[in-house]
Number of protein chains: 2
Amino acid sequence: MNITIADLAKVTGLAKSTVSGVLNNKEGFSAKTRQKVLQAAEKYGYVPNEIARGLSSNSTGSIGLIIKDITNPFYNHMTKGVQEVAEEHGYTVFLCSSGESHQAEIKHIQAMVRKRVDGLVIAPLLEEVSFDHIFALNQKPVPFVLLGKIQGLECDTVEFDDYGGGRQAAELLLESGHTRIGFVRGLSTSRASKLRFEAFADTMRQRGVPIDEKFIFDGAKGLRTASPQVPGWRKQKRRTALPP
Amino acid sequence: MNITIADLAKVTGLAKSTVSGVLNNKEGFSAKTRQKVLQAAEKYGYVPNEIARGLSSNSTGSIGLIIKDITNPFYNHMTKGVQEVAEEHGYTVFLCSSGESHQAEIKHIQAMVRKRVDGLVIAPLLEEVSFDHIFALNQKPVPFVLLGKIQGLECDTVEFDDYGGGRQAAELLLESGHTRIGFVRGLSTSRASKLRFEAFADTMRQRGVPIDEKFIFDGAKGLRTASPQVPGWRKQKRRTALPP
DNA sequence: TTGTAAGCGTTATCAT
DNA sequence: ATGATAACGCTTACAA
């Protein structure tokens with residue numbers, strides 16, 4: 001049985017509202033009262049119930065983050081950043097991975113809304129047909145920011161300068177004196193990859209450096225980490241892994 | 001304004017408990033009632049409030065995962081696994097990264113308890129002096145499982161066969177015909193690293209293969225991924241990153 | 001089969 | 001400066 005504000009009120013002989021007020025550092029309580037409440041809280045190991053607080057105050061102190069795959073270095077670095085900022089502001093983050101599944105993405109967004117997160121950061125699967133679930137969010141009270149732009153949707157986004165990035169990469173190599181430069185393209189459906197390659201090709205052309213088709217590759221699906229890859233581990237009988 | 005069960009009760013002319021029952025797929029409601037409720041829910045875009053449900057039912061459907069660093073391949077693969085299983089069971093996971101900070105770990109555990117998570121998976125900083133915060137958890141109603149064993153603490157753990165792993169690695173290389181085998185040890189404080197190296201050394205000795213000290217390194221702090229490393233990005237004025 | 005009412009632990013609005 | 005009391009939205013006995 002967990003000890004509640006009502007319990008503290010009882011043992012201190014004060015009212016619930018008083019106890020609550022003190023616990024929330026509100027103004028207008030005598031030093032004596034403060035002390036009594038704080039001591040009792042300490043003595044009985046009071047732990048605030050954020051669920052109840054959330055119901056009453058209509059804010060949960062948590063935000064949802066929806067990404068494709070936490071195993072992907074891009075997303076885990078992003079996650080780290082989101083968490084850092086969230087923490088600075090006293091928030092904690094729900095992490096959801098949609099994998100490659102549009103359905104999972106939809107499900108997770110709905111789950112986050114049911115959990116009444118105070119906000120949502122979504123890195124949506126962009127190679128998709130329908131964005132209805134994102135559009136629907138715009139009708140709901142929950143604020144969100146999107147990674148990447150969706151045509152026809154007016155909302156907060158974080159976007160990438162893919163063309164600029166491609167150019168920078170090419171320039172860096174060219175300026176270091178390299179000329180036989182290869183390029184690993186992503187999936188043919190990726191607009192980002194297309195832009196980066198375009199920039200690369202343009203830059204090479206502008207500098208008068210020929211592109212050797214031998215060094216152009218296609219269909220990369222992401223970076224491979226140096227980590228233990230455990231595809232389909234659920235199916236294996238046993239597995240071992242090395243802790244850090 | 002969000003629509004609630006009370007609203008649905010009003011528009012259908014039914015009682016709150018009836019609406020709740022139907023929505024939760026309980027037995028004992030006429031097809032007609034079911035239909036009425038479901039239609040109204042659909043029509044008005046009812047979204048269950050899991051916070052209220054949590055307060056009432058005393059379970060939140062979320063679990064906390066506390067790790068060191070989501071950027072570390074070991075932890076993000078682990079996180080992926082935890083999430084997969086959580087999802088299968090209808091849970092969602094709070095992710096907290098303690099970095100290298102013992103204080104952060106403590107803070108996060110407390111935060112999870114306040115959020116009334118249904119359970120906790122903790123990969124504690126093991127090179128620490130005090131485990132009071134973990135011991136304290138044992139007094140609380142929240143179930144948890146630990147990554148690694150803590151002396152004198154009776155609780156559920158997931159452990160690693162570090163010695164066995166070291167042996168397996170050595171055997172694999174030896175059986176492939178290699179003999180000039182190096183070893184990258186971790187921090188000198190890591191018991192895990194020590195065990196793995198011991199196993200490696202023992203195996204080499206048993207097979208009569210000499211160890212060349214030239215190939216033994218110390219102090220590795222983790223795997224380095226192929227990802228964009230952005231140390232101290234908060235301090236930078238601008239940064240760019242490439243989406244996947 | 002459906003309705004009534006109490007309760008979950010807070011916060012917030014009044015009085016006092 | 002403190003206390004009653006009503007929300008918050010849901011679940012769950014217990015009645016009808």
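Just so we're on the same page: letters track the sequence lines, and every chain starts at 1. Quick caveat: nothing in here was measured; it's all calculated off a predicted structure. Side chains are part of it too, since the values below use all heavy atoms of this structure and drop only hydrogens, waters and symmetry mates.
In this structure, the separation between CD1 on A/Ile70 and CG on B/Leu95 is 6.5 Å, given to the nearest 0.5 Å.
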Show every donor-acceptor pair shorter than 3.5 Å between a side-chain atom in residues 11-19 of chain A and any protein atom, with sequence neighbours excluded, or say none if there are none.
residue : atom : partner : partner atom : Å
A/Thr12 : OG1  : A/Leu8  : O            : 2.7
A/Thr12 : OG1  : A/Ala9  : O            : 3.3
A/Thr12 : OG1  : A/Leu14 : N            : 3.3

What donor-acceptor contacts under 3.5 angstrom involve side-chain atoms of residues 115-123 of chain B, with partners at least two apart or in another chain?
residue  : atom : partner  : partner atom : Å
B/Lys115 : NZ   : A/Thr60  : O            : 2.9
B/Lys115 : NZ   : A/Gly61  : O            : 2.9
B/Arg116 : NH1  : A/Pro48  : O            : 3.3
B/Arg116 : NH1  : B/Val113 : O            : 3.0
B/Arg116 : NH2  : A/Val47  : O            : 3.1
B/Asp118 : OD1  : B/Thr60  : N            : 3.0
B/Asp118 : OD1  : B/Thr60  : OG1          : 3.3
B/Asp118 : OD2  : B/Thr60  : N            : 3.3
B/Asp118 : OD2  : B/Gly61  : N            : 2.7

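One atom, CG of B/Asn25, and another, C1' of D/dT12, lie 17 Å apart when rounded to the nearest Å. Distance B/Leu14 CG to D/dT11 C1': 17 Å, rounded to the nearest Å.
Nearest-nucleotide positions on DNA chain D place A/Ala15 closer to the 5' end than the other of B/Glu50 and A/Ala15.
With sequence neighbours excluded, no residue forms a side-chain hydrogen bond (donor to acceptor under 3.5 Å, both in side chains) with A/Glu154. Contacts of B/Phe94 classified as ring-ring contact (aromatic ring centres under 6.0 Å, His included), with partners at least two apart in sequence or in another chain: A/Phe94. Judged as a side chain to side chain contact (heavy atoms under 4.5 Å, CB included), and not counting sequence neighbours, the contacts of B/Thr189 are B/Glu127, B/Leu187.
Residue pairs meeting the side chain to side chain donor-acceptor pair (under 3.5 Å) criterion with at least one partner in residues 138-151 of chain B, sequence neighbours excluded, do not occur; the list is empty. Residues in residues 21-33 of chain B take part in these side chain to side chain donor-acceptor pair (under 3.5 Å) pairs, two or more places apart or across chains: B/Ser30-B/Thr33.
Rounded to 10 degrees, the angle separating the terminal helix axes of the helix from C/dT1-D/dA16 to C/dT16-D/dA1, each built from five base pairs, is 40°.
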_Base versus backbone protein contacts along nucleotides 7-16 of chain C [heavy-atom cut-off under 4.0 Å; B, S, -]_ = BBBBBB----
